[in-house]
Number of protein chains: 2
Amino acid sequence: MTATSDDVPISARASVASDRGAPVPHAYDFSAFDSETCSIARTLTLIGDRWSLLILRDLSNGVRRFDDLVAHLGIARNVLSRRLCALAEGGLVTRAAYRLKGARERHEYRLSPAGRDLIPILLAMMAWGDRYLSAPDGPPAVARHPDCDARVRVSLVCEAGHQLGDRPRLRVEPGPGSRLRERRPR
Amino acid sequence: MTATSDDVPISARASVASDRGAPVPHAYDFSAFDSETCSIARTLTLIGDRWSLLILRDLSNGVRRFDDLVAHLGIARNVLSRRLCALAEGGLVTRAAYRLKGARERHEYRLSPAGRDLIPILLAMMAWGDRYLSAPDGPPAVARHPDCDARVRVSLVCEAGHQLGDRPRLRVEPGPGSRLRERRPR
DNA sequence: CATCTGAGTTTTTTTCCGCAACTCAGACGT
DNA sequence: ACGTCTGAGTTGCGGAAAAAAACTCAGATG
């Protein structure tokens with residue numbers, strides 16, 4: 001996420017002096033910015049718990065009913081109930097009524113468009129797990145492009161059209177919505 | 001994550017009958033497979049808590065020392081201690097000794113190569129948060145390609161070279177490492 | 001020798017999770 | 001009409017994990 005090498009120890013690097021005498025090896029002092037005012041932190045307030053992403057994975061794979069989620073995930077019912085409410089409130093999931101013939105009305109949970117937009121996150125996690133945590137017999141699941149049956153991967157591209165490689169060097173800098181921390185370190 | 005529409009209610013879809021009479025709208029019954037034997041689930045056992053990804057974000061942005069992390073994240077010290085141990089044990093983070101002139105030996109935490117490979121996950125979350133949770137003044141941070149200064153995005157591509165759009169249709173199917181659930185639903 | 005600092009541990013309190021039991025409404029068999 | 005079944009939750013409780021704050025400890029510094 002940075003242009004400087006992560007392998008060079010702090011002591012060997014040119015640095016910006018921080019107010020605490022600690023060398024900071026970046027072009028700007030990330031720790032001067034509010035940690036919560038960050039899209040990653042904000043996203044994690046919605047899905048940064050042990051279950052939400054698994055629920056979303058199941059929903060996106062067609063497991064949509066309360067008891068099916070309970071059975072498949074092994075999640076406690078009250079926890080699932082709360083997570084689904086939170087996800088619905090966050091706009092990631094909608095509760096929809098449906099009725100099978102001869103049965104009373106039921107509800108199912110579906111991904112909203114915003115929820116579907118989380119799929120790249122799921123695919124990025126899947127790719128990482130495939131690489132580092134797979135059994136030797138191969139990945140437990142494969143995502144394919146329905147048009148051509150080829151496997152789908154997550155890749156990083158820049159808007160100039162360059163394809164970034166496996167271990168990209170990036171530069172992260174404050175954007176227009178950045179905010180400095182209120183209480184400076186003391 | 002699926003080739004079938006998420007917007008069509010269960011009752012209107014062609015389906016595979018499950019053993020519980022519930023229609024399953026996919027080509028295969030996802031819930032028949034073990035939920036834990038999944039690269040997403042496995043990855044989440046390492047980073048699926050409220051802090052790990054924020055710690056990794058900070059590490060990748062040059063905040064590497066214990067007290068700096070405590071101050072920046074607002075995390076409790078004992079929790080940070082445990083998370084760092086777990087991340088180190090999982091191979092995502094290494095603890096490295098270093099010594100500034102006139103100071104005693106200290107430790108800093110760095111991303112390992114495996115940890116750096118999580119960056120696409122962070123960027124995917126950042127993109128989602130930018131889109132759905134940003135203040136009107138714009139994203140709090142921007143990732144750029146150091147070579148050309150253009151913004152970096154996460155994109156989905158298939159191995160046949162097709163660029164998948166914003167709302168891709170995917171097909172997820174069991175891979176060679178998949179495992180059926182032991183206890184079938186009852 | 002007293003003090004400061006970075007980097008944790010220990011202790012205590014609070015919050016959250018997992019489990020099991022319970023509720024509730026509607027369909028269904030008899 | 002009555003009991004049963006099922007899906008979809010809610011309630012209540014014990015234990016695990018997180019937050020907060022105090023304490024430790026080693027080495028540099030005045």
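Naming convention: chains lettered A, B, ... in sequence-line order (proteins, then strands); numbering from 1 in each chain.
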Spacing of [X] atom [atom1] relative to [N] atom [atom2], expressed in whole Å:
| X | N | atom1 | atom2 | value |
| --- | --- | --- | --- | --- |
| B/D67 | C/dT9 | CG | P | 13 Å |
| A/R95 | D/dA8 | CZ | P | 11 Å |
| B/I55 | D/dA18 | CD1 | P | 11 Å |
| A/L54 | C/dC17 | CG | C1' | 15 Å |
| A/L84 | D/dT10 | CG | C1' | 14 Å |
| A/F66 | C/dT23 | CZ | C1' | 14 Å |
| A/L69 | D/dA8 | CG | P | 9 Å |
| B/L80 | D/dA17 | CG | P | 18 Å |

Between the protein and nucleotides 19-23 of chain D, list every N/O to N/O distance that falls short of 3.5 Å.
residue, atom, partner, partner atom, Å
D/dA19, OP1, B/W51, NE1, 3.3
D/dA19, OP2, B/W51, NE1, 3.1
D/dA20, N6, B/N78, ND2, 2.5

(request) Nearest 0.5 Å please: distance from the CG atom of B/L123 over to the CG atom of A/L164. (result) 9.5 Å
Salt-bridge contact [X]-[Y] (side-chain N to carboxylate O under 4.0 Å):
| X | Y | answer |
| --- | --- | --- |
| A/R106 | A/E108 | no |
| B/D67 | B/R77 | yes |
| A/D34 | A/R179 | yes |

(request) Kindly state each residue pair satisfying ring-ring contact (aromatic ring centres under 6.0 Å, His included) with at least one member in residues 49-89 of chain A, sequence neighbours excluded. (result) A/H72-B/F30
(request) Determine whether the side chains of A/Y109 and A/R95 contain a donor N or O and an acceptor N or O closer than 3.5 Å. (result) yes
(message) Is A/Y109 close enough to D/dG9 that one of its side-chain N or O atoms is under 4.0 Å from OP1 or OP2 there?
(response) yes
(request) Look at the side-chain N and O atoms of A/S81 and state whether any lies under 4.0 Å from the OP1 or OP2 oxygen of D/dT10. (result) yes
